[in-house]
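The first residue of the sequence shown is numbered 1, and numbering continues consecutively from there.
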Amino acid sequence: MGENMGAMSMYHELMNIYYRMYEHFGPRHWWPADTPFEVVVGAILTQGVAWRNVEQAIRNLKQAGLLDLAAIARASHDELAVLIRPARYYNMKAKKLQAFCRYVMDNYGGSLERFFARDLWPLREELLGIYGIGQETADSILLYAAEKPIFVVDAYTKRIFSRLGMVDADIQYHQLQRFFMDHIPPDVELYNEYHAQIDAVGNRYCAAKRPSCGECPLRPLCAFSKGLTNA
């Protein structure tokens with residue numbers, strides 16, 4: 001009974017945080033893409049770079065007629081690298097994009113729908129086996145492209161929730177993901193919006209250095225902010 005009460009209390013706490021962010025920012029309409037494949041491309045290209053750079057790289061691919069799984073699989077490495085240059089690390093990212101596209105071509109006849117039809121956890125393991133796909137990228141693809149109920153965590157998530165005093169600052173990726181998934185029911189729409197709201201707080205207010213706590217919607221709940229105020 002006590003364990004259930006604790007879980008319910010954590011659910012309410014996490015949802016309070018969510019509603020505070022949502023009321024402040026409104027719906028984030030994330031992930032901004034026209035197709036599931038465009039989400040995949042964005043998830044790979046956004047590694048280590050601001051989203052505005054990714055948008056330019058995706059525009060280049062669209063203008064060249066290469067925002068297509070089969071087209072990227074067939075393209076030359078050099079042609080692809082030039083087009084995605086705005087996303088930085090373009091040689092490595094061209095290799096990652098082609099590894100994903102060629103994998104789906106070779107194993108699923110080029111059908112992203114067939115690939116995404118797999119169950120969540122086997123599909124996640126399969127994604128992690130493709131060159132260049134790490135945990136955050138895999139989970140972004142699963143949630144935003146395949147619409148599977150998995151919670152995406154990132155550096156912002158760890159920073160914000162450790163500053164709130166809810167998790168340890170050195171918590172591992174899978175532990176942080178489990179923290180959310182153990183306390184919030186599996187819901188694609190909620191997981192989608194929750195992650196987007198976290199990234200909005202991280203991007204606007206919760207910087208690693210010199211955070212802008214004054215306007216942050218989570219300030220009343222934040223142990224870190226209270227420490228700054230009392231210092």
K.L.:
Determine the interplanar angle of the H24 and Y205 rings, folded into 0 to 90°, and report it as parallel if under 30°, tilted if 30 to 60°, perpendicular if over 60°.
P.N.:
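H24 vs Y205 ring planes: perpendicular.
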K.L.:
Can you tell me if K93 uses its side chain to pair, donor with acceptor, with the backbone of A87 under 3.5 Å?
P.N.:
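The answer is yes, because a donor-acceptor pair under 3.5 Å joins these two groups.
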K.L.:
Have a look at Y194 and tell me which of I184, V152, T157 forms a side-chain contact (heavy atoms from CB on, under 4.5 Å) with it.
P.N.:
I184
K.L.:
For R28, give me all partners under side chain to side chain donor-acceptor pair (under 3.5 Å), at least two apart in sequence or on another chain.
P.N.:
none
K.L.:
I'd like to know if the side chain of E126 and the backbone of F115 have a donor-acceptor N/O pair within less than 3.5 Å.
P.N.:
no
K.L.:
My understanding is that only one of V41, L61, N60, V54 makes a side-chain contact (heavy atoms from CB on, under 4.5 Å) with I84; could you say which?
P.N.:
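Result for side-chain contact (heavy atoms from CB on, under 4.5 Å) with I84: L61.
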K.L.:
Please identify which of these residues, V153, L14, I171, meets the side-chain contact (heavy atoms from CB on, under 4.5 Å) condition with F161.
P.N.:
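For F161, the side-chain contact (heavy atoms from CB on, under 4.5 Å) test succeeds with only one of V153, L14, I171, which is L14.
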K.L.:
Answer yes or no: is there a donor N or O on one side and an acceptor on the other, between the side chain of N192 and the main chain of Y144, under 3.5 Å?
P.N.:
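No; judged by distance alone, with no hydrogens or angles, the pair does not exist.
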K.L.:
Quick one: does Q197's side chain have a donor or acceptor within less than 3.5 Å of a partner on Y19's backbone?
P.N.:
no
K.L.:
Is there a donor-acceptor contact under 3.5 Å from the side chain of T137 to the main chain of I133?
P.N.:
no
K.L.:
Show the nearest heavy-atom pair for residues R88 and V49, with the distance to one decimal.
P.N.:
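Looking at all heavy atoms of both residues, the closest pair is CD-CG2, 3.9 Å.
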K.L.:
When you group the ILVMFWY residues by side-chain heavy-atom contacts below 4.5 Å and let the links chain together, are Y11 and L176 in the same group?
P.N.:
yes
K.L.:
Is there a donor-acceptor contact under 3.5 Å linking the side chains of E55 and W51?
P.N.:
yes
K.L.:
Could you check whether any side-chain N or O of K148 sits under 3.5 Å from a backbone N or O of F116, counting only pairs where one atom can act as donor and the other as acceptor?
P.N.:
yes
K.L.:
Any sub-3.5 Å donor-acceptor pair from E136's side-chain atoms to D154's backbone N or O?
P.N.:
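Checking the backbone N and O of D154 against the side chain of E136, no donor-acceptor pair under 3.5 Å is found.
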K.L.:
Would you check if the distance from the ring center of F179 to the ring center of H183 is below 6.0 Å?
P.N.:
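Judged by ring-centre distance (under 6.0 Å), F179 and H183 do meet the cut-off.
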K.L.:
With sequence neighbours excluded, what pairs up with R59 under the salt bridge (charged side-chain N to carboxylate O under 4.0 Å, His left out) test?
P.N.:
none
